[in-house]
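Let me begin by presenting the structure, written as structure tokens, before commenting on it.
Atoms within a ligand are numbered from 1 in the order they appear, just like the ligands themselves.
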Amino acid sequence: MTFQDQLLTCEVCGKTFIYRIEEQRQLADWGFPAETPRRCPECRKQETSAPGLRAGVVKWVREDKHFGFITQRDGSKIFFHHTGVVGDPEQVMRENAPVWYEVMSTERGPQAFNIHLRE
Ligand SMILES: [Zn+2]
């Protein structure tokens with residue numbers, strides 16, 4: 001797979017932004033599907049309050065498998081508790097598992113739920 005900087009236009013605010021090689025490589029390394037972002041980084045940040053499924057990759061899971069963190073598309077990490085996992089926790093609660101998840105806000109900040117394996 002070859003990467004090159006792409007000049008894109010945000011479909012929300014209309015601004016031009018660069019989709020950099022480094023970002024494309026990083027996302028590929030994390031196992032995200034190859035797709036061109038339709039929104040600029042600023043609009044993507046605001047998107048974190050929007051409902052719906054997002055693609056992520058499990059960063060790490062605590063040994064007792066009660067909680068862990070998911071790497072999000074923007075590279076930030078989001079907390080999850082094992083009760084937020086749907087389906088077989090053995091499949092989901094392992095490092096580098098590609099997952100879908102939703103985000104809810106809690107008193108302690110954002111938390112992932114409805115986490116299931118991304119085939
Ligand atoms: Zn934008």
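- Protein N/O/S atoms found under 2.8 Å from the Zn ion (ligand 1): C10 SG, C13 SG, C40 SG, C43 SG.
- Among residues two or more places apart in sequence or in another chain, the ring pair (Phe, Tyr, Trp, His ring centres under 6.0 Å) test is passed with Y19 by none.
- Here E11 pairs with R39 in a salt bridge; the nearest charged N to carboxylate O distance falls below 4.0 Å.
- For H66, the ring pair (Phe, Tyr, Trp, His ring centres under 6.0 Å) partners two or more places apart in sequence, or in a different chain, are H82.
- From L7, atom CG reaches atom CD1 of I18 across 6.0 Å, with rounding to the nearest 0.5 Å.
- Listed by first and then second residue, the salt bridge (Lys or Arg N to Asp or Glu O under 4.0 Å) pairs that reach into residues 82-96 are K65-E90, sequence neighbours excluded.
- Listed for the R118 side chain is a donor-acceptor partner under 3.5 Å among the backbone atoms of G56.
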